[in-house]
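We number each residue from 1, following the sequence as shown. Because the structure is a prediction, the values reported are computed rather than measured.
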Amino acid sequence: LIACGAVHETPAGVGHLAGLVVAPQYRRKGLGRAIVLGLSRAVLASDGVVTLSAYADNEAAIRLYLGLGYRLDHAFVSRFREPRRAASGQ
């Protein structure tokens, strides 16, 4: 898997972009931008509004979203105190 994204319906009935990820060796090649733009356009066409979220320390994603015209509406405090660790499967 090189890159992917998904849309989930919020309780309000509008699309929320989620699961946006690009494999590290393929970052900074426009794949994330293409996925966010494509999904955003599709959701905007059907719902008139689209939402997404990012962890506060994901500066690259936040820069991308702001650059595409998204704006910060809410800031949430995470219930996690330690950084999440990727499952190693070991």
Side-chain angles (χ1 to χ4, degrees):
L1 183 65
I2 294 172
C4 68
V7 176
H8 298 277
E9 187 175 317
T10 68
V14 299
H16 177 83
L17 276 55
L20 302 164
V21 64
V22 176
Q25 65 270 34
Y26 293 97
R27 292 180 184 160
R28 306 211 36 90
K29 299 182 184 308
L31 297 173
R33 179 181 174 82
I35 291 170
V36 173
L37 278 174
L39 292 175
S40 295
R41 287 177 178 151
V43 173
L44 282 171
S46 66
D47 299 348
V49 65
V50 61
T51 65
L52 55 73
S53 59
Y55 287 102
D57 64 350
N58 192 343
E59 295 172 3
I62 293 168
R63 260 192 321 275
L64 170 65
Y65 305 150
L66 292 173
L68 292 174
Y70 280 89
R71 65 179 174 82
L72 178 63
D73 189 66
H74 289 49
F76 298 95
V77 176
S78 174
R79 63 186 170 94
F80 296 104
R81 294 188 184 272
E82 296 293 326
R84 295 183 310 145
R85 298 179 198 270
S88 65
Q90 297 176 8

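Following chains of ILVMFWY side-chain contacts shorter than 4.5 Å, one can reach L17 starting from L64, so the two form part of one hydrophobic cluster. L52 is connected to V7 through a chain of hydrophobic side-chain contacts under 4.5 Å among Ile, Leu, Val, Met, Phe, Trp and Tyr, so both are in one cluster. A single hydrophobic cluster is seen to contain both V36 and L39, as judged by linkage of ILVMFWY side chains at heavy-atom distances under 4.5 Å, directly or through other members. By the rule that hydrophobic residues join a cluster once side-chain heavy atoms approach within less than 4.5 Å of another member, Y55 and V22 end up as members of separate clusters. No single ILVMFWY cluster, assembled from side-chain heavy atoms under 4.5 Å apart, contains both L68 and L66.
Separating the CG atom in D73 from the OG atom in S53 is a distance of 12.0 Å, to the nearest 0.5 Å. In this structure, CD1 on I2 lies 13.0 Å from CZ on R27, to the nearest 0.5 angstrom. Taken to the nearest 0.5 Å, the CZ atom of R63 stands 9.0 Å off from the CG atom of N58.
T10 and H16 share no donor-acceptor pair across their side chains, judged by distance under 3.5 Å alone. Looking only at atom types and distance, the side chain of Y70 has a donor-acceptor partner in the side chain of S40 under 3.5 Å away.
Nearest heavy atom pair, residue I62 against residue A56, reads CD1-O, 3.7 Å. Between A3 and I35, the shortest heavy-atom distance links the atoms CB-CD1, 3.5 Å.
For Q25, the CD atom sits in a packed shell: over 12 heavy atoms of surrounding residues, nucleotides or ligands are nearer than 6.0 Å.
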